[in-house]
Q: 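Below is a structure I'd like to ask you about.
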Amino acid sequence: MRVKAIRRLHVRTVLPASLAPLHDLALNLRWSWHPPTRDLFASIDPDLWASTGQDPVAILSSLRSDDMDRLAADEQFVRRVREASEDLERYLTKPRWYHEQGAGERDGRTLDAIAYFSPEFGITAVLPQYSGGLGILAGDHLKAASDQGIPIVGVGLFYKSGYFAQRFNADGWQQESYPVLDPDDLPLSLLREEDGSPVVIRLGMPRGAHLDAHVWRAQVGRVPLLLLDSDVESNDPTRREVTNRLYGGGGDQRLEQEMLLGIGGVRALRAYSRITGAPVPSVYHTNEGHAGFQGVERISELVTGEAGLSFDEALRAVRAGTVFTTHTPVPAGIDRFDVGAIATHFGDPGCTIPGVPLERLLKLGAEDYEGGDASRFNMAVMGMRLGQRVNGVSELHGAVSRDMFKGLWPGFDVDEVPIGSVTNGVHAGTWVDRRLYDLAKDHLGPEVASRSVFTRIHEVPIDAFWSAKRQLREQLIADTRSRLKKSMVARGQTEAELGWVDSVLDPDTLTIGFARRGATYKRLTLMLRDPERLKKLLNDPERPVQLVIAGKSHPADDTGKALIQEMVRFTDDPEVRGKIIYLPNYDIAMAQQLYPGCDVWLNNPLRPFEACGTSGMKAALNGALNLSILDGWWDEWYDGQNGWAIPTADGVEDADRRDDLEAAALYELLEKTVVPTYYDRDEHGIPRRWLDMVSHTLSTLGPKVLADRMVRDYTEQYYWPAAHAAWAVAADGHAGARSLAQYVTQVHHNWPHVRVDHVDVEGVADAPQIGDEIEVHAFVALGELDPASVKVQMAYGRASASDTLTDVELVELAPQQSYGEGRHRFGGRVRLERTGALGWTVRVLPAHPHMSADAELGLVTLP
Ligand SMILES: *Cc1c(COP(=O)(O)O)cnc(C)c1O
């Protein structure tokens, strides 16, 4: 019957008391990385477990009352339920790393809540709220925070259709479809008021309209995740669709999504604290620019609430507690809106954010620097203006970001631009294949979740490891064949024509994986530069190679889709069919089979556009070797023995020629090094040299690539300093924020009068030697600024022929004398610690105890 229900009623399974813990076990997503809990659900109905894509909620809702009676009567099963439930309870309450660090308490203050905003969260395949790396990273961040006891609360959106599902047509062109999710079938619960009614978050919209949202709560171990959903009856039909799709929709949809994520997200956090008593976050971390409006809402709270701050004071207070992570050095990847759309949404009387005048808001996202576009509102730029602490996601990306955004800090050297880095990591519990986990447990004991396991990896017998690896290739091959069959049927072939699919790939062949979004800079088709050379590698009778490829392209990106098509068509070529496979619909479930089944993980982005990349880390944890361009994380951690670096043709301007050069280097590495090493076997058929490299990779790279390491780095380098800064400016009725705001105004007012008039240097011998001391006096004009409220520094370093300084050392000069009319002498002694041609200069900078970096205000004066 094609009738549509006018109302839906969701009948929740009522479990008998002895099985009741299954409910909480299914709702807490810890099952997604806890093998025993997964086994428990699988054992209820193994076929259904497989056919639902390993979904505990689906298993529970399928139970009929006779199933439940059978299970409740099964003593062994009931005992396992109890054990799993006790284990979860222990997991949720046992002190963790964070507690060992003093339960979040330092200097008498407790950091007991950190908000983490992200437009996507990739936690498990059955909660498809992600498109790629950014979302998977956010999911791994929450899981690792939970494991470490770091008190994060996640904030995102609930997309009813998630990201799209990908298949190919007969021509190999990407087709998108949008399966609709029913939140009642997902491991989510609705956030409700005490009277049982759903919490409603309301945002004003232009022309008297509104955007309402419900809040779904997912539980990721210890970490709650709040997801706002605009599919609420009180919205008009278009607004109900605002959270329909991830990165979908045109017009205002994207802007309204981001308003809901940022502004609505803060309101959801407040409702969550009010209802559950959860602590109010002190630190707000935004994963990429999309959630930037969270800072705007917090400014509004401080202006209109009890604090009664001015906009400028509130801005200083908000910045102190905000951490912004930028994720892309690709200019087209930066999130920007038309200034007009912002003006409509924030200027209309019905939807202004109280206390945030439109022109102040526009300034926060303005590209008012050299090379900027005045018609654009830039979310990354706003992220940097609303966050006192900013970071990129690998060391190289940090450096690239400092260069990319240096226009915001004019007058400063690139290396003084206040953008740091924390290199991404991956959650081992999610990504290490079960077989390897069990293998490690068999040989290293039950404590395999700890890092020490990596240093003892050589205790695992090499042949046991090698045969596990073969099983992993077999597992990948089985999965590939079944996916490929479905894909070929979707492309118009009949089952009868598909006999060949049952013999694609071979478990003893060197298996290379390549899976990533179809973004152009990832260069999916680089390996096709010389198709004959690739064919030779695939068809080598003695030492063949096979390739499994996957990845989606954004629906609006026809260039990306054309690259995918080129690749899919290549895989159709009878000469290589079955040796190179393109699998549709790359997602977490596929990834979990793909990384472990590969021997080599290939990545050949256009350097330096890969901010970090995480798939290679996941592959490494599963005993694969990376073969990659030195970009992102690989630039940092490639050590000559843990895989291979594809040489780059940096600086070659002609893109085609650069691709040719880099592709040739890739073929050469494969032919001369990778393939021979893999097929170099001892008398037992074991590739010892290869496995030495794998073992070296696991023991040295293993601990670094963990998300545990990443969240600890964030905690130490960003969350704690941000919390202290936020508390410091908030103390005594926000005295610090008030004083800083006043200072900033005063500095801006006076800066045009700040000058370095004259510098005297005494004590320089004709032939100065290292260790000599010189006496420096700088005569500066400061307008009305107090000498104590600026820094005067002597900067000295190697002087090039053009007098630019490198290797600069900064020495602070102290105020020594005032001459009236704003003129002052600063001075100090400087010990020469450098040899060679030295040059120096003097500079004046703003200084205030609540500033976090010299460059923070982007002001500096040189002679
Ligand atoms: C890890 C992962 C990504 C991100 O991989 P990159 O190396 O960052 O491109 C994308 N999609 C899925 C499903 C993943 O598991």
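As the structure lists them, so they are numbered: ligands from 1, and atoms in each ligand from 1.
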Q: How would you list, by chain and number, the residues with a heavy atom under 4.0 angstrom from ligand 1?
A: Gly132, Gly133, Ile136, Trp431, Arg516, Lys522, Tyr586, Asp587, Ile588, Ala591, Tyr595, Gly613, Thr614, Ser615, Lys618
Q: I want to know whether Phe117 and His285 have ring centres closer than 6.0 Å.
A: no
Q: For the ring pair Trp601 and Trp633, is the centre-to-centre distance below 6.0 Å?
A: no
Q: Look at Arg434 together with Asp39 and state whether they make a salt bridge at an N to O cut-off of under 4.0 Å.
A: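 Judged by the 4.0 Å cut-off on N to carboxylate O distance, Arg434 and Asp39 do form a salt bridge.
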Q: Not counting sequence neighbours, which residues clear side chain to side chain donor-acceptor pair (under 3.5 Å) with Arg569? List them please.
A: none
Q: State plainly whether the residues Arg712 and Asp708 are in salt-bridge range, i.e. N to O under 4.0 Å.
A: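 Salt bridge flag = no for Asp708 with Arg712.
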Q: Say whether Tyr159 and Gln257, considering side chains only, have a donor N or O and an acceptor N or O under 3.5 Å apart.
A: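 Note: Tyr159 and Gln257 side chains miss the donor-acceptor criterion.
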